K.L.:
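Have a look at the structure that comes next, please.
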Amino acid sequence: MLQKPRGTRDFLPDEMEARRHVEGKLRDVARCYGYREVCTPEFEDLELFTMRSGEGIIEEMYVFEDKGGRKLALRPEITAAVIRMYINEAKVAPKPLRWCYFADCFRYERPQKGRYRQFWQFGVELIGADTAAADAETIMLASDMLNATGVTYELKVGHLSFMKNLVKDLEPAMQRRVRAHLDKKDYEGLNATLESLNRMDLADSLTALVNTRDLVEAFEIAGAIPEKERFEQTIGSLDAAGVKYSLNFGIARGLDYYTGMVFEGFAENLGAENQILGGGTYRLAHLFGGDDVASCGFAIGFDRVMVALGDILPAVVPVVGLVCTSEGRTRALVVAKALRDAGIRTEMDLMGRGLGAQLAHASKTANFAIVIGQREAESGQVTIKNLSTAEQKTVDLAAAIAEVRAFGPR
RNA sequence: GCCGGGGUGGGGUAGUUGGUCAUCCUAGAGGAUUGUGGAUCCUCCGACCCGGGUUCGAAUCUCGGCCCCGGCCCCA
């Protein structure tokens, strides 16, 4: 039997309902903040991604050549494409731009819990606002979105300048290495690296920095940071807004294009892949030939959120199984149309089953049975049966519709 | 790419000193029951992940591959 490609998933109706439900929550919050949805191509020029992240990422992407010999790649993330679109289409739009997206991405990686080769991200990009207020709004939005899903998580906020300031005298390659050690809390590796550089004097302050959760202390450790005032304002806004977070100056993010504030979210009850959100301020547009616009954004790992949420009870919406005899079928079609026009999910027999069998099927798939036989066809009324209580009565169509509509959790 | 554990009808399962027609539950279709469901009974449908090897004979042993689950690496 043909199998689906490795790292991909099929979603049955129950699961799709749950996913759409959570996606809708995220979208609602983003909309309330003024973020409007955009959509970019599923695949782009390979160059878009290599310019952003280096040639090394080719190994982790789905890369192919089309019939015109173009080098293309399935998008491994969306931010680069959004910024490309901004440069192509919206450079002169009034700032700031508030955009969001919900889209699938592709990475050629080893699948494991919460990691798939096709996965969905819900992301947000705030373009053209280079202020503490912009940074704070982005984090607040992230917090509200995760809260809306109901996932249990921890939000960590940091700033790259603290660590950069401590290691600014090192070679860029060594800076990156030190940051990598700290990101992984690999203190042995850190010491080995510092020792080889003869810079053991940095060890204490670096470890103190990644361990402190206090802003004042962080400034004392890191020294003069140009963005001190802005970050203080950002944090002040978060506190004023009641955002729950912890400070963490060990966040390095993988990429060089992040410029200042960075933040990450981690879910509980996930395996090794427990990061569900990542973002920060960045400058990317100049790489693609645009102005050097400041941006701030984040992406939520939608599939991981779904894994962390576990089983979600499907929404309770009434379903009507329309049961009819052959004499009642013409009238039943009219009734079905009326129910559907009223927005009620209505299913009719397609198997040529008898009344009893139709009812048996309805009992598995519906909350109400509406029976149309010869008697109902002649009287114009309908017989409605509540399939969980077995109560049955014959009433006008309008009354039946009202009863179905009244169904729901109390 | 690396390490460990797995793969039997749609779902869940039994089945190794290799040996009749591969077990059971559930789901699905039909019937007993052509104006009232969930019970019961009967019938039907439907599987040993793929390929090579050993063997008279492989779900079972062996090798390779594919896929799944966890972890490592990586994580834009």
Side-chain angles (χ1 to χ4, degrees), chain A residues 1-10 12 14 44 48-61 73-83 105-117 119 121 123 180 183-184 186 251-258 262 264 270-280 282 284 287 297-299 301 304 307 321 323-329 332 349-378 382-394:
Chain A
M1 185 163 38
L2 216 51
Q3 291 173 317
K4 61 187 180 297
R6 183 168 200 206
T8 63
R9 289 157 296 159
D10 295 320
L12 290 165
D14 280 350
E44 297 263 1
L48 178 71
F49 304 113
T50 54
M51 281 169 77
R52 176 195 186 218
S53 313
E55 298 286 326
I57 63 159
I58 290 178
E59 296 204 352
E60 291 159 52
M61 286 197 294
L74 297 183
R75 58 187 176 200
E77 52 94 37
I78 313 284
T79 300
V82 168
I83 296 303
C105 306
F106 304 84
R107 295 184 190 174
Y108 192 86
E109 293 187 294
R110 178 79 165 77
Q112 59 190 69
K113 186 173 189 181
R115 172 187 277 186
Y116 310 97
R117 289 185 171 178
F119 60 98
Q121 287 193 335
D183 196 40
K184 277 182 256 177
D186 173 17
I251 300 174
R253 304 291 299 152
L255 284 180
D256 289 335
Y257 68 77
Y258 282 103
V262 287
E264 298 180 335
L270 274 181
E273 302 292 322
N274 67 339
Q275 188 180 339
I276 56 171
L277 175 146
Y282 63 91
L284 203 50
L287 281 179
F298 64 86
R304 292 183 186 174
V307 173
V323 172
C324 65
T325 63
S326 54
E327 302 84 36
R329 186 157 182 90
D349 173 61
L350 303 173
M351 310 286 274
R353 288 177 170 131
L355 201 64
Q358 287 185 45
L359 214 46
H361 182 256
S363 72
K364 291 172 199 158
T365 58
N367 313 100
F368 295 93
I370 287 182
V371 182
I372 311 290
Q374 188 163 11
R375 293 201 292 272
E376 288 82 0
E378 285 167 3
V382 301
T383 297
I384 181 168
K385 180 166 191 170
N386 183 320
L387 288 167
S388 42
T389 64
E391 286 173 55
Q392 174 175 324
K393 55 196 167 190
T394 300

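These numbers come from the heavy atoms of this one structure, side chains and all, not from hydrogens, waters or symmetry mates. Worth saying up front: this structure is predicted, and the values here are computed from it rather than measured. So that the names make sense, note that chain A is the first sequence line, chain B the second, and so on, each numbered from 1.
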K.L.:
Does a side-chain N or O from A/Arg353 land closer than 4.0 Å to OP1 or OP2 of B/A29, or not?
P.N.:
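True: A/Arg353 side-chain N/O within range (under 4.0 Å) of B/A29 OP1/OP2.
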
K.L.:
What's the gap between B/C24 and B/U43 when it is taken at their P atoms, as a whole Å value?
P.N.:
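Roughly 12 Å separates the two P atoms.
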
K.L.:
For residues A/Ile372 and A/Val382, determine if any side-chain heavy atom of one lies less than 4.5 Å from a side-chain heavy atom of the other.
P.N.:
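SC-SC contact between A/Ile372 and A/Val382 confirmed.
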
K.L.:
Would you measure the distance from the P atom in B/C44 across to the matching atom in B/G53 and give it in whole Å?
P.N.:
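Straight-line distance between the two P atoms is 37 Å.
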
K.L.:
Quick check: does any side chain N or O of A/Arg107 sit under 3.5 Å from a backbone N or O of A/Glu60, one acting as donor and the other as acceptor?
P.N.:
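It does not hold such a pair.
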
K.L.:
With a 3.5 angstrom cut-off on both distances, give the Watson-Crick or G-U wobble partner of B/C48, or none if there isn't one.
P.N.:
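Paired with no nucleotide.
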
K.L.:
With a 3.5 angstrom cut-off on both distances, give the Watson-Crick or G-U wobble partner of B/G4, or none if there isn't one.
P.N.:
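B/G4 is paired with B/C69.
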
K.L.:
Using both distances under 3.5 Å as the test, list the Watson-Crick or G-U wobble partner of B/C56, or none.
P.N.:
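B/C56 is paired, partner B/G19.
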
K.L.:
So what's B/U40 paired with, Watson-Crick or G-U wobble, going by both distances under 3.5 Å?
P.N.:
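Pairing partner: B/A32.
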
K.L.:
Judged by each residue's nearest nucleotide on RNA chain B, which is more toward the 5′ side, A/Glu327 or A/Lys364?
P.N.:
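The residue closer to the strand's 5' end, by nearest nucleotide, is A/Lys364.
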
K.L.:
Is the shortest side-chain heavy-atom distance between A/Ile370 and A/Ile384 below 4.5 Å?
P.N.:
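Sidechains of A/Ile384 and A/Ile370: in contact.
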
K.L.:
Round to the nearest Å and state the distance from A/Gln358 atom CD to B/U36 atom C1'.
P.N.:
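That distance rounds to 11 Å.
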
K.L.:
Are any side-chain N or O atoms of A/Gln358 and backbone N or O atoms of A/Cys324, one a donor and one an acceptor, separated by less than 3.5 Å?
P.N.:
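Side chain of A/Gln358 to backbone of A/Cys324, a donor-acceptor pair under 3.5 Å: yes, one is there.
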
K.L.:
Taking only N and O in the side chain of A/Arg6, is any of them less than 4.0 Å away from OP1 or OP2 of B/C68?
P.N.:
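Checking B/C68 against A/Arg6, a side-chain N or O does come within under 4.0 Å of OP1 or OP2.
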
